[in-house]
Each structure stands twice: as C-alpha cells, then as structure tokens.
S.K.: 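Below is one structure. I have some questions about it.
As the structure lists them, so they are numbered: ligands from 1, and atoms in each ligand from 1. Quick note: numbers below take in every heavy atom, side chains included, and nothing from hydrogens, waters or symmetry partners. Keep in mind that what you see is a predicted model, and the values were worked out from it rather than measured.
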Amino acid sequence: MAITASHQRFLQVLMSHGIMEGSAVRKLHRHCCEVHKAHYMPDKLDDFVAVINNHLQPLFMQIRKGTDENDGKRYYSLVNVAESDVTKMAMDYAENELELFRKTMDLIIDSDNGFASSTNILNLTDQLQTKKMKKKEVEQLLQSFVQEKWLIEKDGEYSLHTRCIMEMEHYIQSTYQDVVKTCNICHNIAIQGQICDNCGIKIHLTCVGKYFKGQEEPRCPQCAEAWSHEIPRLLQTDSQTPSTSQRNTRAGERRVNSVAAATRSRRS
Ligand SMILES: [Zn+2]
Ligand SMILES: [Zn+2]
C-alpha cells in the first residue's frame, strides 16, 4: 500500500512526541484520515502503522507498540533500530554522560524493585572512567534523561522509561541476560515489579494488580507460596485496547465494551 499524506501527518506527530499512549494514537489515526480525506478504518490501525513501517525500514526506524510498566497502558513509540544500545543516545549526550547512563541502568536492573535512588546514582560519579562529573552536573543530567523520556523519576528514585525499554529491549536482554527477569504473567521484560520471596519469579505491578484482583489470600502463580507484597491498586485503564491475553478476563470484557461504546458514540 502506498504512503499517503495521512500517513505522513501521523508520523510527524508521533515523531514530535517520541512516545504516545494508545488512545491518543487512535484519535490521531482518525484525525489524520479525516484531514486528508482518506478512508478511516478504526480497527485497521496496525495496518496503517505497517504501511509507515515499510517506508521507515530503509532508514532503520520503526514504530513499535509496548506496554507501560506503571499504568499497564499500550504505547506507540518511534524507535531507532540501527543502534540497539545506549549509543543511540550519542547524538544528544557526551561520552561520560552515556557512561553514567549505562551505570544507572546497571543499578536499576540489578535492583529488586527496578529503581535506583538518586543518592546511589550520585555516588557513581567517582567511578566514571571517561570524565568525572560534579554532583550538580549529574542532577541536571538526570533531569535531562527524564525530560527526554529515557528515565522516569518517582520520589527521588529512578527507573527506565517505557520508551527506553521499548528502544533497548534487545540490548537489555543480551547485556543483562542473567539478571533481567521477564514477567511471569505477561512475559515481557519486567524492570519494575514484585519478586516472589520463595521462588524468585517477578511480576509487573500492573500485572500483580490484575492477577490478584479480588483474591483474599494471593499466592504465587509459580510456587503457590503466599504472596508477601502489598497488591497495588489498579489504575483506570478503560481506554486500553484489549490484548489477546486479556480477552478472557472480565476486565478485558469491560474494556472491549467501553471501546465498542466509544466507537459507537463517535459514529453518532
Ligand atoms: Zn507483566
Ligand atoms: Zn513463587
């Protein structure tokens, strides 16, 4: 299928955001088709994206879909597939800044909960081989990593941004293959999550929330020991497109219904 003005507009907007939530992407899809008088098929977003991806391939770029570890929502991101590791950030950061990012990534991935404290990151400055950094510079650099959606910050602790996980999935899997865990429920990389004290499996917070919802005595899906962590309350994810694994759940059904209702109300 040929690329049209509606595809171009879609790509431009996604590019300017870097990463966008699924419901915003669906709205954008509709908007681009309407503005350019293209035939709009709400359930053909994946095909629409595939047309763009075909044209992006020679440029080593790709639009990828992923799930956020915090809110469990779908996200779309434009990623650079030429470089799978931290060197894709080389345009924007100096060598010692990249070194600090790599070391921060080590801390985050080595931790149980997927977070590194700012104190621990600041302590890295003395270990830099390339060029030492002042604490102030590190603080500014961390801010920039958050702004550019490589890291997220929560109460002075840092984790990897969804965009970063989507862009560097292969790198994370190969570099940290002995350390990084996949979620026992959704089988995606799990950076932020809870670990079973008994058997050591890891589950995303959002997957924990969904899996143990309504259970009085939650037990590990792997070893059946009592789950010792607090079960996080689920955020509202009603705007989410149901994935195959959720279709059998009641929450999934609710989502299908709400999407169907939203589609109906858009038409009327
Ligand atoms: Zn999961
Ligand atoms: Zn277990």
S.K.: Could you go through T130 and E95, starting from their C-alpha distance and side-chain angles, then the distance that decides it, and tell me whether this counts as side-chain hydrogen bond (donor to acceptor under 3.5 Å, both in side chains)?
M.R.: CA-CA 7 Å; T130 38; E95 195 50 49; 6.0 Å; no
S.K.: Counting neighbours of CD on Q215 that are heavy atoms of other residues, nucleotides or ligands and sit closer than 6.0 Å, is the number greater than 12?
M.R.: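 Buried by this count: over 12 neighbours within 6.0 Å.
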S.K.: Are any non-hydrogen side-chain atoms of N70 and K154 less than 4.5 angstrom apart?
M.R.: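 The answer is yes, as the side chains (C-beta and beyond) meet within the 4.5 Å cut-off.
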S.K.: Excluding waters, which protein N, O or S atoms are within less than 2.8 Å of the Zn ion (ligand 1)?
M.R.: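 N, O, S partners closer than 2.8 Å: C183 SG, C186 SG, H204 ND1, C207 SG.
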S.K.: Would you please classify the geometry between the F101 ring and the F145 ring as parallel, tilted or perpendicular, with 30° and 60° separating the classes?
M.R.: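 Perpendicular.
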S.K.: Considering residues, nucleotides and ligands other than Q57, do more than 12 of their heavy atoms fall under 6.0 Å from its CD?
M.R.: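 Counting other residues, nucleotides and ligands, CD of Q57 stays at 12 neighbours or fewer.
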S.K.: Mark yes when over 12 heavy atoms from residues, nucleotides or ligands other than D47 sit less than 6.0 Å from its CG; otherwise mark no.
M.R.: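 Enclosed: over 12 neighbouring heavy atoms sit under 6.0 Å from CG of D47.
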S.K.: Can you check whether G18's main-chain N or O pairs, donor with acceptor, with S77's side chain at less than 3.5 Å?
M.R.: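 Checked: pair present.
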S.K.: Name the residue from R9, H31, H7 that meets the side-chain hydrogen bond (donor to acceptor under 3.5 Å, both in side chains) definition with H36.
M.R.: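 Exactly one candidate clears the test, R9.
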S.K.: Leaving waters out, which protein N, O or S atoms fall under 2.8 Å from the Zn ion (ligand 2)?
M.R.: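 Correct list: C196 SG, C199 SG, C220 SG, C223 SG.
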S.K.: Can you tell me how the ring of F48 sits relative to the ring of H29, calling it parallel under 30°, perpendicular over 60° and tilted otherwise?
M.R.: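 Correct class here is tilted.
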